[in-house]
Amino acid sequence: MKAPKEALDKAIPKAYTPADVEKRIYDMWMKENCFSPRKTSTGKTFSIVMPPPNVTGNLHLGHAMVMSVQDSLIRHHRMLGDETVWVPGTDHAGIATQLVVENHLRQQGKSRKDFTREGFLVKTWEWVETYKKNITDQLKSLGASADWSRERFTFDPEFNAVVNKVFVDLYNKGLIYKDDYIVNWCSETQTVLSDLEVVATPEESKLYYIRYFVKAADKSVIVATTRPETLLGDVAVAVHPSDKRYKEFIDKTLILPIMNREIRVIADERVDMEFGTGAVKITPGHDPLDYEIGRDHNLQVISVIGKDGKMNKNAGKYAGLEVEQARKNIIEYLDNIGNLEDIEDTVSNVKRCDRTKAIVEPLVSKQWFVKATALAPEVMKAVEAGKTDFIPDRFRKEFSNWMEGMRDWCISRQLWWGHRIPAYYKGNEMIVSENHPTEEGWLQDEDVLDTWFSSALWPFVVFGWPDKTEDMKKFFPTTVLETGRDILFFWVSRMMMMSMALTGEVPFYHVYLDGLVRDEKNQKMSKSKGNGMDPAELQNAYGTDATRLMLLLGTTPGNDLVVSRQKAESYRNFVNKLWNASRFIRMQGEETMPYRELEAYLEKNYAKLNIAQKWILSRFAHVSQAVTEGYATYRMGESGTVLYEATWNEFCDWYIEISKIEVNEHTQAVLQYGMMTLLKLWHPMAPFVTEEIWATYDQEELIINSSWPTIPAKFINDEIEEDFRILIEVVRGIRNVRHERSVAPGKLIPVHFVADVKKDLLVQFEEVLKKLAKLSTMEIHKGRPIIGRKVALIVYPFEIYLPLDDMIDVEAEKARLTKWIAEKEKERRIIQSKLDNKGFIANAPDDVKAAQEKKKQEVEAVLTTMKQQLADIE
RNA sequence: GGGCGCUUAGCUCAGUUGGCUAGAGCAUCUCGUUUACACCGAGGGGGUCGGGGGUUCGAAUCCCUCAGCGCCCACCA
């Protein structure tokens, strides 16, 4: 029943071309509704909420990695038979989106100010709609098997309603409040930022030493500052209470230069005696620490810098100047009046806006806050109790540390794009309400909420919370949250806080954190560096499956991943290998059987299978277990590596090659079963190519809907695996000798085996050995054959002699044997020393001891033979 | 200033609770037009697991220490 080879040859192209199949397959999955949860037999559920990408963002490789990991988990669990759901969506990304839209407007010569708030929002929604399509299309191109019927947007109207409700609830519970506080102000975006959105970087700057005189005395204190312009807002000078230098000054009154204001010297332990002069000027209006010290000492707050980044009316004659200019003028003036003592070069931490890189000015302002300090303890309790764990575990500690030291979370933003704060004002009255008050005269708060406020609700809002929906019951808490480690604090912590506060439960049982994606030079990829590799480009060049494999294999959770075109290429090659392996199989015969029937058939006929067939089935059983285990423990990188090796180095290199030599009535069944098993095991990671190949096997269902392999226990056969390993080594050994002796590739040579045990193995495998090792004749002896000059090698328990009379170089042979013996002797010594060690005998587990014992026997047998051989040759 | 991570073959990395003669891919060298695949096949070379010390019968794996690199947090003006 040989297949019409030429026909198939034409039908199945020699190389896999991803571009031809990916879109078609994805559309088919959509059409067949493959991504919705299905009620199944296991009774288990598996749910993931997709970290919503910024709606205006472009998908980069970091996203691609996160999505690939999630998709493979989802596909795996779907195949396991769990009721599986992956909820997709996008984030309205307040500040980022607003900046993008403003940029577009700028290119058209317009600015936000040319629009009314409503007009600007209309414009923004237009942009968002086009961007959203763009990003979801990219997600789909990656193969994301998310349930698109559930797609959400963090700023859709329903979401907005929930946000309002949550805000009101938390406000009523005192967990949201409005207060004056020193906040981070970005003068470029004209909004406050949370602590997390501010990055401090060391920058060169000057340290100015300024003298403040004591009132009505001939004494003075010198303070050091990097920001002399804030002097105008000074309300005190602080020293450490135990600083002997300043003991006499405490509670004395100083005259603030320029302003000639009377300020007091106070003592506070937060002052660092080592820094500068040990005396620090206190400006509660423009420094977080000063603000706290000021608060504790009941000091006044004087703001001298306005939200526009200019000196304000409190700055006297400097009012209206840019900060930089004011600084210059002030220093000049202080120098003139003799109060400037010194200027020193220094490096200080400058805080900049994470997004715009503009300098962030600390200033006091009335803002809305979430009382994170009250929410954090519940989260920490849950984490300590192990309700949520972290993969890898080290992030648990990092998370807890951060939670512990957290300050309240500033949630108001002076932006237009975002959930507007549901607070309303009339005169001095304020109400917080889900809906706009019906009476006349109430004006809504102008500010919007930090984007992360709504993202924090994502894991339950997408399931219909606050309603008690079926979905909530079934899918919440979600099984695992996977995301980049860079948003552990931004997002993960806030979801935890909100979830504990609102639902009383953790939002997810596992948090899986990815590392960062880096380029070949080990640099973090980013748009600003211009080294970002575009996933779409890689997908086009090498295929989506190859791109995914690159991101999934050889990685460990939490560790950064270096990507390169070279890597993508090698996975493209692998995908092609898979394709061709199947191509070969399909060229052998057109008949196929449903997977399960095939499995049952092989089980029934197991006894009649040959050794190679039993071997590969056993290997599949073990590999399948290892792959499954990898998924279960969130070590998919390992699953992939194991599979890769099994596919290429075992199935393709050995089994397929042997199947060409040793054909029996079960060959087709084993080949097809093996191939289909591989396809199933690969499907979660390489969905497109596996679905495409699967289709050639004429199965009753799509691979995406098929079940995860559970190889019959009957197929496990450790003894056969061991025997087969020996046969592989025999072949390798002979090939090695041939190569070393430059035996012409096609030349057949005779071989003699000495086999005192396991002779059957050689007999059974004779045909295959002859073909694989290019042997003319094969004789199997007991005891030692006498066949003249020969090359000897030993693959325990066999001795192998190749009578290459015309090619034997006696000296070379002696050298080879001597070297080999030396190596074996060394090995024997190591083993012997272990066995002689009474500690080893007493403490090592039995299987370790038995293995050493066995190895010793083997080594000794080998040594005896080789020494004989060496003597012979001489 | 605190906290964390990394250092294994030329490059990129695996290595689960200590039990190997330390693995893979890419690169490199030799050979090969065997009808699945040159996006291939066969064979080889290459590592005292960053240095030092310790625990142990046994350490790439656990502890201490030093060095280099990287990340996170923080109110040194």
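Note: hydrogens, waters and symmetry copies are ignored here, and every other heavy atom, side chains too, is used.
Donor-acceptor pairing under 3.5 Å, judged by distance alone, is present between the side chain of Glu657(A) and the base of A36(B).
In this model, the phosphate group of G41(B) is approached by a side-chain N or O of Trp648(A) to a distance below 4.0 Å at OP1 or OP2. Side-chain nitrogen and oxygen atoms of Thr225(A) include none within less than 4.0 Å of the OP1 or OP2 phosphate oxygen of A77(B). At C72(B), none of the side-chain N or O atoms of Arg485(A) fall inside 4.0 Å of OP1 or OP2 (strictly under the cut-off). Between Asn559(A) and A14(B) there is a side-chain polar atom (N or O) within less than 4.0 angstrom of OP1 or OP2. At the phosphate of C40(B), OP1 or OP2 sits under 4.0 Å from a side-chain N or O atom of Asn573(A). Put simply, Lys397(A) has a side-chain N or O that comes within less than 4.0 Å of OP1 or OP2 on C4(B). One finds a side-chain N or O of Lys855(A) lying less than 4.0 angstrom from the OP1 or OP2 phosphate oxygen of U21(B). At A36(B), one or more side-chain N or O atoms of Lys660(A) fall inside 4.0 Å of OP1 or OP2 (strictly under the cut-off). In terms of phosphate contacts, Lys577(A) brings a side-chain nitrogen or oxygen within less than 4.0 Å of OP1 or OP2 of G41(B).
The partner of G45(B), taking Watson-Crick or G-U wobble pairs whose two distances both stay under 3.5 Å, does not exist in any strand shown. Base pairing of U34(B): no nucleotide in any strand meets the Watson-Crick or G-U wobble criterion (both distances under 3.5 Å). Nucleotide C20(B) forms a pair with no other nucleotide shown, judged by Watson-Crick or G-U wobble geometry with both contacts under 3.5 Å. Applying the Watson-Crick and G-U wobble criteria (two distances, each under 3.5 Å), G70(B) pairs with C4(B).
Remark: P of C75(B) and CG of Asp195(A) are 7 Å apart, rounded to the nearest angstrom. In this structure, the CZ atom of Phe574(A) is 12 Å from the P atom of C40(B), given to the nearest Å. As rounded to whole Å, 13 Å separates atom C1' of A77(B) from atom CD of Glu344(A). Between Met273(A) atom CE and G1(B) atom P there is a gap of 17 Å when expressed in whole angstrom units.
Contact annotation for Phe489(A): backbone-only contact, meaning every heavy-atom pair under 4.0 Å involves sugar-phosphate atoms and none involves a base. Among the atoms of the strands shown, none is found under 4.0 Å from any heavy atom of Lys838(A). In this structure, Thr283(A) reaches neither bases nor backbone, as no heavy-atom distance under 4.0 Å exists between it and the strands shown. Contacts of Arg735(A) with the nucleic acid, taken as non-hydrogen atoms under 4.0 Å apart, involve only primed sugar atoms and P, OP1 or OP2. Across all strands, Asp290(A) comes closer than 4.0 Å to no nucleic acid atom at all (heavy-atom distances). Arg738(A) comes within 4.0 angstrom of no nucleic acid atom, judged by non-hydrogen atoms across all strands. Residue contacts for Asn843(A): at a heavy-atom cut-off of 4.0 Å it reaches a base atom on one of the strands shown.
The heavy-atom pair separating Leu193(A) from Val360(A) by the smallest distance is CD1-CG2, 4.1 Å.
Heavy-atom neighbours of Asp846(A) CG from other residues, nucleotides or ligands within 6.0 Å: at or below the threshold of 12.
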